[in-house]
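Quick notes on the structure that follows.
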Amino acid sequence: MKLAVLTGAGISAESGVPTFRGQGGLWKSYRPEELATPQAFRRNPALVWEWYLWRRSVIAKAEPNAGHIALVELERKYTENFLLITQNVDGLHQRAGSKRLVELHGNIWRVKCLSCGVVYYDYSVSYAQLPPACKECGGLIRPDVVWFGEALPEDALELAIRWARSCDVFVVIGTSAVVYPAGELPYLAKEHGAKVIEINPESTPVSPIADVIIREPASSGVKKLLEVL
Ligand code: BV8
Ligand code: ZN
């Protein structure tokens with residue numbers, strides 16, 4: 001059986017990482033869509049960096065939860081018949097031990113230089129000056145995440161689409177599925193005959209096409225998944 005899993009901010013909620021649309025999603029009354037754009041960064045790179053450093057400081061205090069860990073068990077069980085596709089930039093899946101992982105929207109702990117183009121991991125939660133400078137050339141660096149209006153990494157998106165089209169079971173965990181093209185994947189899987197399973201304490205646009213709904217938080221819901229698979 002070929003199994004693909006799509007996760008969103010909900011799987012990290014029980015680790016203390018605020019979701020986008022839930023309580024605490026707002027930062028200084030800015031909506032994420034206002035700060036996570038190339039225009040916002042061009043206008044005020046220091047402000048956008050302040051937001052990412054705030055999120056890094058919250059994520060740095062967080063630990064992967066039972067939901068993240070149960071997905072590592074699934075990966076061990078299904079090995080090459082398993083793929084984890086995440087919209088999250090928090091890196092908690094990696095910290096839990098997930099290997100067969102595709103990051104659709106980048107990673108908050110990676111930076112990219114707008115001058116020399118170098119990409120590197122940087123675990124700072126504060127910088128002497130904002131915006132911070134590139135360690136290679138001193139140029140302006142940005143978080144290596146996908147902002148609204150920007151294309152997703154081609155190879156990651158292609159792999160996610162290929163698995164959505166060819167999997168037997170497509171599991172959707174902790175996402176409101178309103179951001180595209182990630183939000184399209186469950187429908188693609190359904191169209192190609194996959195069984196769609198949703199784990200989310202609330203209903204979402206995916207609920208009507210789900211064959212199985214586990215209306216629970218991820219920490220307990222993913223464990224239930226191990227039973228229904
Ligand atoms: C692009 C990285 C074009 C940055 C992010 C089609 C239709 C409509 C609009 C569009 C469309 N196609 C494109 C668009 C525009 C746009 C878009 O989708 N807009 C939305 C708002 C309508 N998409 C884009 O701009 C994309 N790019 O289209 O480029 C292009 C193409 C080629 C060439 C050039 C350009 C880029 C989208 C990616 C943006 N970056 N993140 C950062 O993080 O700072 S998106 C970001 O928001 C997240 O990554 C995630 O994807 C999304 C948040 O959603 P969720 O993760 O689902 O979180 P949310 O809070 O919404 O929901 C949480 C859920 O968890 C809830 O359901 C809740 O009930 C549940 N929950 C809560 N607690 C728990 C739980 N579940 C389980 N357990 C719990 N304990
Ligand atoms: Zn540089």
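Numbering of ligands and ligand atoms starts at 1, following listing order. For the numbers below, each heavy atom of this structure counts, side chains included, while hydrogens, waters and symmetry mates do not.
Considering backbone and side-chain N/O of Glu14, one or more are found under 3.5 Å from N/O of ligand 1. An N or O contact shorter than 3.5 Å is missing between Gly8 and ligand 1 by distance. In terms of polar-atom proximity, defined here as any N/O pair under 3.5 Å, Val145 makes no such contact with ligand 1. On a distance-only criterion, Glu33 and ligand 1 share no N/O pair closer than 3.5 Å. Ligand 1 has no N or O atom lying under 3.5 Å from any N or O atom of Ile199, backbone or side chain.
Lys112 is listed as a side-chain neighbour of Val119, based on a closest heavy-atom distance under 4.5 Å. The shortest side-chain heavy-atom distance between Glu14 and Pro217 falls under the 4.5 Å cut-off. The shortest distance between side-chain heavy atoms of Val58 and Trp54 falls below 4.5 Å.
Counting only N and O atoms by type, the side chains of Ser12 and His93 include no donor and acceptor under 3.5 Å apart. In this model, a donor atom of one side chain and an acceptor atom of the other lie less than 3.5 Å apart for Arg215 and Ser207.
Listed for the Glu34 side chain is no donor-acceptor partner under 3.5 Å among the backbone atoms of Ala36.
The part of Ala13 lying near ligand 1 is the side chain, judged by heavy-atom distances below 4.0 Å. The proximity of Ile11 to ligand 1, defined as any non-hydrogen pair under 4.0 Å, does not occur for either the backbone or the side chain. At a 4.0 Å heavy-atom cut-off, ligand 1 touches Arg55 through the side chain alone. Of the heavy atoms in Val179, both backbone and side-chain atoms come closer than 4.0 Å to ligand 1. Contacts with ligand 1 closer than 4.0 Å are made by heavy atoms of both the backbone and the side chain of Gln87.
Between SG of Cys116 and SG of Cys137, the angle at the Zn ion (ligand 2) works out to 120°, rounded to 10 degrees.
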Could you go through the salt bridge (Lys or Arg N to Asp or Glu O under 4.0 Å) check for Asp211 and Lys190 one step at a time?
-> CA-CA 9 Å; Asp211 302 281; Lys190 185 77 178 181; 2.9 Å; yes
Starting from the C-alpha separation in whole Å, work towards a yes-or-no answer on side chain to side chain contact (heavy atoms under 4.5 Å, CB included) for Arg100 and Glu80.
-> CA-CA 8 Å; Arg100 297 182 60 83; Glu80 66 277 355; 4.1 Å; yes
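The nearest non-hydrogen atom to atom 33 (C) of ligand 1, considering only Ala36, Gly10, Ala151, comes from Ala151. Summarising the contacts of atom 7 (C) of ligand 1 with Trp51, Phe148, Tyr180, the nearest heavy atom is found in Tyr180. Taking only non-hydrogen atoms, the option from Gly149, Pro181, Gly67 nearest to atom 35 (C) of ligand 1 is Gly149.
Using 4.0 Å as the threshold, Pro201 has a heavy atom nearer than that to some atom of ligand 1.
Taking the six-membered ring where the residue is Trp, Trp147 and Tyr52 present tilted rings, their angle falling between 30° and 60°.
With Thr86 as the partner, the side chain to side chain donor-acceptor pair (under 3.5 Å) test is satisfied by one option alone out of Thr175, Thr7, Asn107: Thr7.
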